[in-house]
Amino acid sequence: MAYKIMGMDFENFDAIELHETDSVERANSWIVGYVRENNYDVYDAITVVAPNGFTKAEFSRDYGWIHY
């Protein structure tokens, strides 16, 4: 099972797959590293999508972390 990390651009209604991993914990950890490297300014939010298609977590510029 793979968890997809998606970069979300709300202005253009676009989602780009940034990375894929085998657990939600690893996905969250990957996002922390991605944000720390200052790569975050391109996306409005970065989401973790479970294999069943549901969003498990989201890190947004405006609200920080949200876990579902």
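Below 30°, between 30° and 60°, or above 60°: for Tyr43 and Tyr34 the angle between ring planes is between 30° and 60°, a tilted geometry.
To the nearest 0.5 Å, the span separating CG on Asp44 from CG on Asp62 amounts to 8.0 Å. A distance of 11.5 Å separates CG in Asn28 from CD in Glu58, rounded to the nearest 0.5 Å.
The other members of the hydrophobic cluster of Tyr63, by chain and number, are Ile66, Tyr68 (side-chain heavy atoms under 4.5 Å, ILVMFWY only).
Considering only heavy atoms from C-beta on, Val32 stays 4.5 Å or farther from Phe59 through its side chain. Within the 4.5 Å cutoff, the side chain of Phe54 has no heavy atoms near those of the Val49 side chain.
When all heavy atoms of Ala57 and Trp65 are compared, the closest pair comes out as CB-CZ3, 4.1 Å.
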Side-chain donor-acceptor pairs of residues 5-12 under 3.5 Å, sequence neighbours excluded:
| residue | atom | partner | partner atom | Å |
| --- | --- | --- | --- | --- |
| Asp9 | OD1 | Glu11 | N | 3.3 |
| Asp9 | OD2 | Asn12 | ND2 | 2.7 |

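Taking Asn52 as the reference, nothing meets the side-chain hydrogen bond (donor to acceptor under 3.5 Å, both in side chains) condition, with sequence neighbours excluded. For Glu20, the side-chain contact (heavy atoms from CB on, under 4.5 Å) partners at least two apart in sequence or on another chain are Ala2, Lys4, Glu17. Not a single side-chain hydrogen bond (donor to acceptor under 3.5 Å, both in side chains) links Asp14 to another residue, sequence neighbours left out. For Asp22, the salt bridge (Lys or Arg N to Asp or Glu O under 4.0 Å) test picks out Arg26, with sequence neighbours left out.
When hydrophobic clusters are built by joining Ile, Leu, Val, Met, Phe, Trp and Tyr residues whose side-chain heavy atoms come closer than 4.5 Å, directly or via intermediates, Phe13 is not grouped with Val42.
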